[in-house]
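Letters A, B, ... mirror the listed sequences (proteins, then strands); counts begin at 1.
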Amino acid sequence: MMGSAELRNHEREVAQFQLRIAVAAFAVLAAFLLLAGRFVFLQVVQHDIYRAKAEENRIAIVPVAPNRGLIVDRNGAVIARNYSGYTLEIYPRRVESLERTIDELAQLIEIQPRDRARFNKMLQEARNAESLPIRTRLSDEEAAKFAANRFRYDGVEIKARLFRQYPYGDVAAHVIGYMGRVTQDDQARFEQEGSSPNYRGTDYIGKAGVEASYEHELHGTTGFEQVEIDAAGRRIRTLSRTAAISGNDVTLTLDIRLQQVAELAFGERRGALVAIEPSTGGVLALVSKPGFDPNQFVDGIDPQYWGELNKSPDKPLNNRAISGVYPPGSTFKPFMALAALQLGKRTARSTIVDPGYFIFGGRRFRDSKPGGHGIVDLHKSIVVSSDVYYYQLANDMGIDAIAGFMKHFGFGSRTGIDLQSEAAGVLPSPEWKTKRFRRLADQKWYPGETISIGIGQGYNAYTPIQLALATATLANGGTMYRPRLVEHVDRPRRGERRYVEPELAHRAPVRAEHVEFVKRAMAGVNKEGTGARAFAGAQYTSGGKTGTAQVIAMKQNEKYEESKVAERFRDHSLFIAFAPVESPRIALAVVVENGGFGARAAAPIARAVLDYFLLGKTPAGMDPAPEDEDAEQEGND
Amino acid sequence: MELARLPVRRIGQRLAEGIDPTLLVLIVSLSMLGLATLFSAAYQNPARLVGQLANLGVAVAAMWCVAQVAPQTLLRFALPAYAIGLALLVAVALFGDVVNGARRWLNIGIGRFQPSEMMKLALPLMLAWYFHKNESTLRLRHFALAALLLAVPVGLILRQPDLGTAALVGAAGFYVIFFAGLNWKVLGGLGALGAAAVPLLWPFLHAYQQRRVLTLLDPSTDPLGAGYHIIQSTIAVGSGGLSGKGWLNGTQAHLEFIPERDTDFIFAVYSEEFGLIGNVVLLILYALLIGRGLVIAANAATVFTRLLAGAISLMYFTYAFVNMGMVSGILPVVGVPLPFLSYGGTALLTLFIGTGILMSVNRHRKLVQS
């Protein structure tokens with residue numbers, strides 16, 4: 001039973017609701033009348049104006065993509081240029097059956113299975129693209145053949161386009177990077193940045209390396225052409241043209257010949273090398289092996305080649321120089337020595353006895369030389385690479401002091417080089433450990449862990465560029481410049497040149513005499529120590545340090561025998577160097593993955609690089625520079 | 001023969017049960033217009049047509065199923081649907097796929113799914129259920145909580161960012177609150193507050209959203225970027241004239257001046273080819289559809305069905321008004337499809353399920369009368 005009050009209440013509610021329905025209906029009607037009014041205004045009142053505009057729309061505005069800027073090395077050698085070629089493009093929305101159209105085209109022009117595979121891949125990736133290339137780099141004969149038969153193919157057109165070309169092939173591939181088709185994500189990014197109008201007409205952009213990080217300089221400004229088109233949308237003639245402005249040319253600090261020497265010295269081995277000019281931060285060479293051929297990417301990569309690159313266990317697309325992390329091994333010792341002097345933990349004269357092992361908390365830390373090095377002072381500890389000296393030193397300093405000092409040399413933080421996807425590495429500290437591990441027991445820092453930090457093992461993990469930058473900073477007396485690849489940017493037609501000024505990144509708090517001591521000890525390494533064999537007979541002075549980084553942990557008394565360890569578990573071979581000792585012009589770091597002892601694999605590579613850089617000595621078997629043929633550049637500035 | 005015909009008729013009767021002929025005729029007419037326009041927009045390429053027919057098949061089946069369900073059963077779905085929708089939106093915010101720079105999609109193994117779409121119905125369902133539950137004790141605080149129930153999903157969708165869907169979901173929720181009887185004074189106050197907040201919220205819009213609004217005010221400032229859509233679609237509408245250029249004869253669409261001509265801008269193609277007459281026919285069809293929905297709402301038996309039917313009807317209005325307003329250049333460009341005409345399976349599914357709910361409400365208008 002419902003009370004009468006409640007009933008009345010209910011009725012009032014319904015009445016109220018129906019009133020609101022009526023209000024809503026009125027609002028809908030009003031809004032639709034507004035729309036109708038707008039339609040009448042557009043379609044009746046202003047119909048003539050819009051009819052004329054639609055008529056004029058036979059005149060299409062077609063974007064003219066600008067020429068991409070060149071990339072040249074510090075000596076003016078061109079390492080990325082453009083050449084013009086024809087592509088055969090299909091407009092997927094205009095054809096009934098893609099399969100049939102391609103089959104019909106194949107009767108006229110050679111279309112290989114890989115062309116089809118690439119086309120299908122692009123179709124999936126860029127669903128909204130107006131046109132997609134089925135064939136690139138048509139010969140003049142093929143272009144003429146298609147032009148004569150064009151009427152038979154609706155929705156297929158021939159286009160003249162500029163392609164990127166890298167005359168040095170796979171040399172410096174990771175520095176140059178590669179080009180790729182604009183994806184939907186790129187498109188959305190342009191939209192956000194407000195640069196999408198400038199990218200209408202651009203199909204390929206830089207995806208990695210300098211091509212990506214200097215995309216905004218290299219791309220240029222898109223021009224526009226007014227084109228009269230027929231009812232089927234085909235071009236009849238060009239009415240007017242606003243020229244595109246070519247992209248700026250980018251000059252690198254890199255020396256491509258030096259880069260070639262370094263890559264040749266690596267051979268087929270995996271690893272990385274970074275060479276830096278200490279007084280400016282300019283990168284002279286940046287190697288990551290294995291590499292790839294960026295020429296394979298320029299007209300849409302063949303899915304098979306792409307698959308091989310991605311599936312290879314060697315990860316050739318990965319730029320090891322900036323994103324690979326390695327324990328520095330004994331190359332860490334010069335910095336430990338400098339820390340010891342700076343923090344007053346050791347003097348140049350104090351000595352220890354190295355019996356070949358160091359015992360801490362019941363654990364035996366072995367020296368790489370069985371029996372040890374006997375009486376060792378600081379200088380000798382670097383020259384002969386005594387492990388026991390640094391086990392003790394690390395223990396005396398403690399982890400906080402080590403981490404606090406090393407960060408002044410850039411260990412464990414991104415260097416800020418002008419490339420994308422740089423890794424930060426790990427400068428181990430109790431704070432880092434707390435953040436890194438989830439389980440409480442794992443978060444605690446044990447004093448025993450500090451011991452192996454002293455010889456560059458343990459949690460230490462740095463990128464080759466960090467190692468090179470630390471070496472450059474040491475060579476430069478503690479003054480660190482941000483590493484960079486670009487020397488200057490040119491706007492060729494206007495003769496404008498913008499220099500990228502060296503950027504002071506940090507001044508490490510170190511005394512000059514301490515730096516000098518460590519540099520002298522490193523010179524000793526190459527004269528009479530672990531680097532002496534690799535640098536025998538060098539006609540210049542140099543400082544160096546070998547390093548060997550463990551890939552797998554060894555049991556306490558197990559002996560490491562290279563021949564018994566599978567190739568992938570062999571130690572990494574490292575070397576850092578700078579030269580000449582008096583006023584260093586170059587500092588470098590080399591990592592050879594699974595190369596064994598640092599003196600054997602990495603040091604000779606460093607020697608080859610320094611020989612070329614300081615003496616101009618080219619090794620046997622080096623390719624001559626590619627002919628600098630005139631790159632075909634359409635004048636549209 | 002007699003025996004064979006009998007089950008056919010029985011099956012026919014069973015199928016027609018619960019289906020409101022008026023609604024059916026209206027949405028089928030709209031869908032037919034959509035197919036015709038789509039055929040033209042896709043250069044008479046039948047592939048798109050087949051795709052849309054498949055979408056329609058699924059949507060009609062879903063509508064039929066929903067129409068068979070009694071509103072009491074729908075009532076039970078309200079809370080779980082809202083909770084799941086909200087959970088999915090949170091999941092999207094945490095680990096959704098980024099497409100076109102916005103985090104809207106959730107990968108569920110078999111394909112990607114846009115949870116914000118589900119909220120278009122789940123939010124009005126939830127709010128209608130909430131007001132239904134508190135029918136006899138409705139106070140201002142109930143409205144405050146309802147506003148919160150609305151603000152959370154809308155805020156999550158705004159963050160994706162997806163201004164268009166956020167506006168649609170927000171509107172759907174607001175309609176329920178409006179029909180539930182929110183005080184006129186409060187409504188007016190909120191309206192004034194909203195108008196005052198516009199200049200304050202302006203800096204929080206994304207740069208591209210600001211650009212779209214500014215472009216609306218003066219499209220010529222950016223003829224090759226954001227203004228391009230508006231300029232070209234306005235030309236398409238205007239050049240259509242009184243009777244249009246005729247089916248398959250629109251030059252704007254066929255010369256590729258209209259972007260997204262088979263989805264969000266399909267109205268430009270329609271309007272160019274069928275002219276003012278076609279537009280008026282379309283407006284009338286929408287008006288009849290919305291009107292029928294409002295009548296069903298007015299006669300509905302319970303608070304829940306009343307509010308739900310009212311909100312769904314006005315949801316159709318929002319879609320149609322925002323889309324046509326955008327194409328004819330009086331509203332900024334947001335991603336809203338034209339109901340029943342634009343290509344796209346998800347939007348069709350939502351619309352047809354909505355119609356199914358209206359049919360169910362209509363069928364049970366007397367049965368539950370107290």
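- Closest heavy-atom contact between Ser328(B) and Leu42(A): O-CD1, 3.8 Å.
- Counting heavy-atom pairs under 4.5 Å between each of Ser239(B), Ser271(B), Gly291(B), Ala180(B) and chain A puts Ser239(B) at the top.
- For chain A, the nearby part of Ile290(B) is the side chain; its heavy atoms alone come within less than 4.5 Å.
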Evaluation steps, side chain to side chain contact (heavy atoms under 4.5 Å, CB included), between Arg306(B) and Val14(A): CA-CA 9 Å; Arg306(B) 224 185 270 161; Val14(A) 171; 3.5 Å; yes

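- Looking at Ser313(B), neither its backbone nor its side chain comes within 4.5 Å of chain A, counting heavy atoms on both sides.
- Counting heavy atoms from C-beta outward, Leu35(A) and Ile330(B) have side chains that approach closer than 4.5 Å.
- Both the backbone and the side chain of Val40(A) come within contact range of chain B, with heavy atoms under 4.5 Å apart.
- The six-membered or imidazole ring of Phe39(A) lies away from that of Tyr270(B), with a centre-to-centre distance of 6.0 Å or more.
- Summarising the geometry of Val303(B) relative to Glu13(A), their closest heavy-atom pair is CG2-OE1, 4.1 Å, with the distance given to 0.1 Å.
- Only the side chain of Val44(A) comes within less than 4.5 Å of a heavy atom of chain B; its backbone N, CA, C and O stay farther away.
- Residue contact with chain A, scored on non-hydrogen atoms closer than 4.5 Å, involves the backbone and the side chain of Thr234(B) alike.
- Using a 4.5 Å cut-off between heavy atoms, Glu272(B) makes no contact with chain A at all.
- Using a 4.5 Å cut-off between heavy atoms, Val237(B) contacts chain A through both its backbone and its side chain.
- Gln43(A) is not listed as a side-chain neighbour of Ile277(B), based on a closest heavy-atom distance of 4.5 Å or more.
- For chain B, no part of Leu29(A) is nearby; none of its heavy atoms comes within less than 4.5 Å.
- Of the listed residues Gly275(B), Gly310(B), Pro46(B), the one with more heavy-atom pairs under 4.5 angstrom with chain A than any other is Gly275(B).
- There is no contact between Gln46(A) and chain B, counting heavy-atom distances below 4.5 Å.
- The side-chain heavy atoms of Tyr175(B) and Arg20(A), taken from C-beta on, include no pair separated by under 4.5 Å.
- Considering only heavy-atom pairs separated by less than 4.5 Å from chain A, the leading option among Ala236(B), Ala320(B), Gly244(B), Ala297(B) is Ala297(B).
- Of all the heavy atoms in Ala31(A) and Phe321(B), the pair that sits closest is O-CE1, 3.6 Å.
- Only the side chain of Leu314(B) has a heavy atom closer than 4.5 Å to any heavy atom of chain A.
- Between chain A and the options Glu260(B), Lys245(B), Arg261(B), the largest number of non-hydrogen pairs under 4.5 Å is found for Arg261(B).
- Proximity of Ile284(B) to Phe32(A): side-chain heavy atoms (C-beta onward) are nowhere separated by under 4.5 Å.
- When the candidates Gly240(B), Gly181(B), Ala287(B) are compared by the number of heavy-atom contacts under 4.5 Å with chain A, Gly181(B) comes out ahead.
- Summarising the geometry of Ala24(A) relative to Phe178(B), their closest heavy-atom pair is CB-CE2, 4.5 Å, with the distance given to 0.1 Å.
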